[in-house]
Amino acid sequence: MSLELAKRYEPKEFEQKLYEFWERGEFFTPMAYRERPKFSIVIPPPNVTGRLHIGHALVNTLQDIVVRWKRMSGFNTLWLPGTDHAGIATQMVVDRELTKQGISRFDLGREKFEERVWQWKEQYGNEIIDQLKRLGSSADWTRLRFTMDEGLSRAVRHVFVTLYNDGLIYRDLAMINWCPNCRTAISDVEVEFREQNGKLYTIEYPVVGSDRRLSVATTRPETMLGDTAVAVHPEDDRYKNLIGGEVLLPIANRRIPIIGDAILVDPEFGTGVVKVTPAHDKNDYETGQRHHLSQIQVIDETGHMSDEAGPEFKGLDRFEARKKILAQLKEQGLLAEAKDYTNSIGVHGKCDTIIEPMISRQWFVKIEPLAKPAVDVVRNGGVQILPQTWEATYFNWMENIHDWTISRQLWWGHRIPAFYCSNGHMTVSETDPVSCPQCGSTEMRQETDVLDTWFSSALWPFSTMGWPDNTPDYQNFYPTDVLITGFDILFFWVARMIMMGLRFTDKAPFSTVFLNGLVRDEFGQKMSKTKGNVIDPLDVIDEFGADAVRFTLAIFASGRDIPLARTRMQGYAAFANKIWNASRFAMMHVDTDLKSAKAINRDSLRTVERWILSRLNDTTRSVNKALSAFRFDEASNLIYHFFWHEFCDWYIEMAKPVLLGKHGSEGDQHQAKRVLLEVLDRSLRLLHPFMPFITEEIWQKLGGVEPSIMVAPYPIAEDVLEDSEAERLMTAVKALITAVRNARAERGFTPKDRFKVYLRADKSREANFFTEYGYLIIELARLSELVVNAEAPEGAQQDVIEGFPIAIEFPEKVVTREQLERTQREIEKTRAELQATEARLANEQFVANAPPAVVETTRARHAELVARLEKLEQNQ
RNA sequence: GCGGGGUUAGCUCAGCGGUAGAGCAUCUGCCUUACACGCAGGGGGUCACUGGUUCGAAACCAGUACCCCGCACCA
């Protein structure tokens, strides 16, 4: 029989077809039976608004590699997928849609708006799922979850109520980060600090009852309307006698006290006088608390000046107000200075609006009691964070953590389960109360605020498994094994999952976290639309195929940032092409498919076959080891190197004389064909997690027993395949061939010129080996003859290769200058190394202290160098 | 200010105590009947700097310089 493969590698021809085949075959769904150990992983749910970007491609490729590897390795494997409702992001998208239609969400009202968002979600929310499929993700789509599913919402409510009853959720008036654009509170981690070139203004405040003026510096003059004090350091001799006095606040024309505060004021900084605006600055707020200052809110929720700012400013945008205030101060001669100043300013990461610190009544999670166990579990190894260096960052954050602001003034999200009756009593309840438990009032209104999206994400590993019910999935698959995600959501998500998991399930939600780096461009620059260096994964999948894209991402994924370039993908598309063609070659020659292939009789195998099996076995061992350590880069590199540079470059070439019937017996040919099939089969299985499509396409043509390569067993190393003798001999053969090719090129001969080579092998076993495999060396090094253990003629070029002295007899004595220089260089290099080796061996300390094995190899190396130098010197 | 990372071939990186590596780029030959998305061969590195530990350091320790990333602060 003969097998066949299309002449060209065209990923588009089969990628989609195979994905449909996998889905139809339900290969992504874990088995119902439980004899197998389980392996589970939950996806970092992409936003429903999301479109697949290269970061998603990376995270999902890595997850898929692990999942396919584990599944093939015999684990009952679940990769649970889903999407996140992404409160603000989604609300923004739908808002924008409405704006296009000329309406606002306020025209619709809350209920109608929510309906619209749900509609939108149904229509577009799964686009990213289809894109994940193109990448080859083998997630169990039958278990697809959404953070606002009924089940997940129930989990959210249960957690909220429990934490409230435990006193870990509270509602209070506090200074929070307010986004005037989104008109909601946000948490600390959602504020991004950006360097900005601005101005530092110095304003003069006249001291009441004196001619003196106090100079205060500020970057935000508009907040002065809300000043309720100025502060100096209590021990600052310049000002301490003024403490207790007052200044006249310009423009507002209010008298405000001069206070002494050692915490707020650094006498060395600026003028040593600070204006205090308790309603619009975090530090000032705290100062205000210490000194019982009143709070005047001069900026409202929309970022405009409030009633309190006075009729002249009311309604002005906060930055317009700044200009106006500066103009007035200038007019009054109270603006002393305006100098350039760079500082970082907090903006809302989602919309880039400058955050306004505001005093507001919000809901908070008291975080310390949750953080402590989450620190311990990492410290004692219950959760391992990889690369390990992230643990320090984790601890640093967790140990300085602040209460988490969880309420959002949005319409899209989990509505907080707090209910207020007409008499102002509050009830927090898992089920909607019909009447007030305190006064019996039946007029109950639910809290309008919704929860931070990350609140529901924090429950993801167990809420998706059916928790709080004790469902089969929860029993079988929780806790999960690994979490693979970007380092950028370590605080947002990973830390919070650990906290919630420990609190509610008594278990860490996963035992290992692998944090991958940021995908950057080839020069290490962040990808951004403005720079125009963005790589769209869907584009490159179209161009190079999903396998090449995946492989490129994997081979760079060491945990650090990934410098990605299209040329690299091109390179790994070439690798896919190589696999295709090598498989094509193999199929032209094998005489059986996998199903009917008989077991290999190892006893009668020739050295070449034993060698490639040994190499493959070694690669197999290393790949499994690398994958266990999440070294995707190493694992993919190993396979790449084995397949291309050992299997294709050497083994296939070496097998050709036998395969083509030019050498050896029929039995030899049969064995070579069998081993060719074996190596191809194992290589494909080894490679499958990285390149699922091409390996499936080829493997199916090879006729495996299993319906799909994705459920065929992953290769594991077998000691019987190890053969150090074969490896040693073949290393020598390869080196010998390379040496001859090298000499040929150096002397300007063409591949058509053939030479006679003399080789010396003292042990009879080795002599026999070289005699038997002489044909191979003759073929690949293009010799006229290989003579074993005969005297080489005068003038032949001598060398020692892997311990075997050789001599190459060229047809005529052509010695180029290049050749002489090269010989000279080689001699010098050998001399230098010889000298170093001698020095080391002469060092008594070395001989005494170094491990015996190291001394032994050094001695052997020394002997080799001596022999080689002797031969090389004869070439001069 | 606190914490973390980096500096190895032209580029991007791996190696992290025992003879300097990979991919890409580059140079030289080859259309050798699986593959020119290919084959073969070559060139290219005082492993940032200074000390220390060690028989032995690119690797371990200390310091210096430059770069990057978190967190906090920024009147």
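Within every chain, numbering begins at 1; the chains are lettered A, B, ... in the order of the sequence lines, protein sequences first and strands thereafter.
B:G63 and B:G6 are spaced 16 Å apart, taking the P atom of each and rounding to whole Å. Atom name C1', nucleotides B:C16 and B:G5: the rounded distance is 15 Å, in whole Å. Taking atom P on both nucleotides, B:C60 is separated from B:G17 by 7 Å, rounded to a whole Å. Comparing B:A20 with B:A14, their C1' atoms sit 12 Å apart, to the nearest whole Å. Of the P atoms belonging to B:A40 and B:A25, the separation is 16 Å, rounded to the nearest Å. Separating the C1' atom of B:G1 from that of B:G44 is a span of 45 Å, rounded to the nearest Å. Comparing B:G23 with B:G29, their P atoms sit 22 Å apart, to the nearest whole Å. Between B:C31 and B:C13, the two C1' atoms lie 34 Å apart (nearest whole Å).
At the heavy-atom level, A:Arg631 lies under 4.0 Å from the strands shown only through sugar-phosphate atoms. Using a 4.0 Å heavy-atom criterion, one finds that A:Glu653 contacts the bases of the nucleic acid, with or without backbone contacts as well. Residue A:Lys829 is out of contact with every strand shown, counting any heavy-atom pair closer than 4.0 Å. Among the heavy atoms of the strands lying under 4.0 Å from A:Ala745 are primed sugar atoms or P, OP1, OP2 only; no base atom is included. Residue A:Asn742 is in sugar-phosphate contact alone, with no base atom involved, counting any heavy-atom pair closer than 4.0 Å across all strands shown. In this structure, A:Tyr341 reaches the sugar-phosphate backbone alone: every heavy-atom distance under 4.0 Å involves primed, P, OP1 or OP2 atoms, never a base. In this structure, A:Leu5 reaches neither bases nor backbone, as no heavy-atom distance under 4.0 Å exists between it and the strands shown. Note on A:Ala392: only backbone sugar-phosphate atoms sit closer than 4.0 angstrom, heavy atoms only; bases stay farther off. Residue A:Thr738 is in sugar-phosphate contact alone, with no base atom involved, counting any heavy-atom pair closer than 4.0 Å across all strands shown. Using a 4.0 Å heavy-atom cutoff across all strands shown, A:Asp649 reaches sugar-phosphate atoms only and no base atom. Contact annotation for A:Asn283: backbone-only contact, meaning every heavy-atom pair under 4.0 Å involves sugar-phosphate atoms and none involves a base. Among the atoms of the strands shown, only primed sugar atoms or phosphate atoms (P, OP1, OP2) are found under 4.0 Å from some heavy atom of A:Phe491.
A 3.5 Å limit on both hydrogen-bonding distances identifies no Watson-Crick or G-U partner for B:G44. Across every strand in view, B:C35 sits unpaired, with no contact that passes the Watson-Crick or G-U test at under 3.5 angstrom. With a 3.5 Å ceiling on both atom-pair distances, the Watson-Crick or G-U wobble partner of B:A65 is B:U7. Both distances falling under 3.5 Å, in either a Watson-Crick or a G-U wobble arrangement, occur for no nucleotide opposite B:U53. B:C73: no Watson-Crick or G-U partner with both key distances under 3.5 Å is found in any strand.
With B:G70, B:C73, B:C37 as the candidates, the nucleotide lying closest to the side chain of A:Ser344 is B:C73. In this structure, the nucleotide among B:C55, B:G4, B:G38 sitting nearest to the side chain of A:Ala574 is B:G38. For A:Glu746, whose side chain is taken as the heavy atoms from C-beta onward, the closest listed nucleotide among B:C2, B:C35, B:G42 is B:G42.
Distance A:Glu844 CD to B:C55 P: 13 Å, rounded to the nearest Å. Straight-line distance from the CG atom of A:Asn400 to the C1' atom of B:C73: 13 Å, rounded to whole Å. The CD-P distance, from A:Glu195 to B:C71, rounds to 13 Å in whole Å. In this structure, the CZ atom of A:Arg744 is 15 Å from the C1' atom of B:G42, given to the nearest Å. In this entry the distance linking CG of A:Leu490 with C1' of B:G70 reads 10 Å, nearest Å. Atom P of nucleotide B:G15 and atom CZ of A:Phe556 are separated by 14 Å, given to the nearest angstrom. Whole-Å rounding puts the A:Asp488 CG to B:C68 P distance at 20 Å. In this entry the distance linking CZ of A:Arg584 with P of B:C37 reads 14 Å, nearest Å.
When atom types are taken as modelled, the side chain of A:Arg782 and the backbone of A:Arg744 share no donor-acceptor pair closer than 3.5 angstrom. Judged purely by atom type and a 3.5 angstrom limit, A:Asp753 uses its side chain to pair as donor or acceptor with the backbone of A:Thr750.
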If the sugar-phosphate is the primed atoms plus P, OP1 and OP2 and the base is the rest, what is the B/S/- string for nucleotides 17-31 of chain B, using protein heavy atoms under 4.0 Å? -BB---B--------
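Donor-acceptor pairing under 3.5 Å, judged by distance alone, is absent between the side chain of A:Thr342 and the base of B:C74.
With ring centers used as reference points, A:Phe514 lies under 6.0 Å from A:Phe632. Separation of the A:Tyr640 and A:Tyr572 ring centroids falls under the 6.0 Å cut-off. For A:Trp390 and A:Tyr394, the ring centers are positioned 6.0 Å apart or more.
Of the side-chain N and O atoms in A:Arg741, none sit less than 4.0 angstrom from OP1 or OP2 of B:U32. Listed pair A:Lys526 / B:C69 fails the phosphate criterion, with no side-chain N or O lying under 4.0 Å from OP1 or OP2. Contact between the side-chain N/O atoms of A:Lys578 and the OP1/OP2 oxygens of B:C39 is found at a separation under 4.0 Å.
For the pair A:Arg379 and A:Phe395, the cation-pi criterion (under 6.0 Å, within 45° of the ring axis) is fulfilled. Figure legend: cation-pi geometry between A:Arg496 and A:Trp404, with NZ or CZ positioned under 6.0 Å from the six-membered ring centre and within 45° of its axis.
Looking only at side-chain heavy atoms (C-beta outward), A:Thr218 and A:Thr202 stay at 4.5 Å or farther from each other.
Judged by closest nucleotide on RNA chain B, A:Pro563 is the one of A:Leu264 and A:Pro563 placed further toward the 5' end. Each of A:Val189 and A:Asn343 was matched to the nucleotide of RNA chain B holding its nearest heavy atom; the match closer to the 5' end belongs to A:Val189.
Using the six-membered ring where Trp is involved, A:Phe491 and A:Trp397 have ring planes that are parallel, under 30° apart on the 30 and 60° scheme.
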Step-by-step side chain to side chain contact (heavy atoms under 4.5 Å, CB included) determination, A:His291 to A:Asp261: CA-CA 9 Å; A:His291 296 268; A:Asp261 192 284; 2.6 Å; yes
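Heavy-atom contacts from other residues, nucleotides or ligands closer than 6.0 Å to CZ of A:Arg238 number more than 12.
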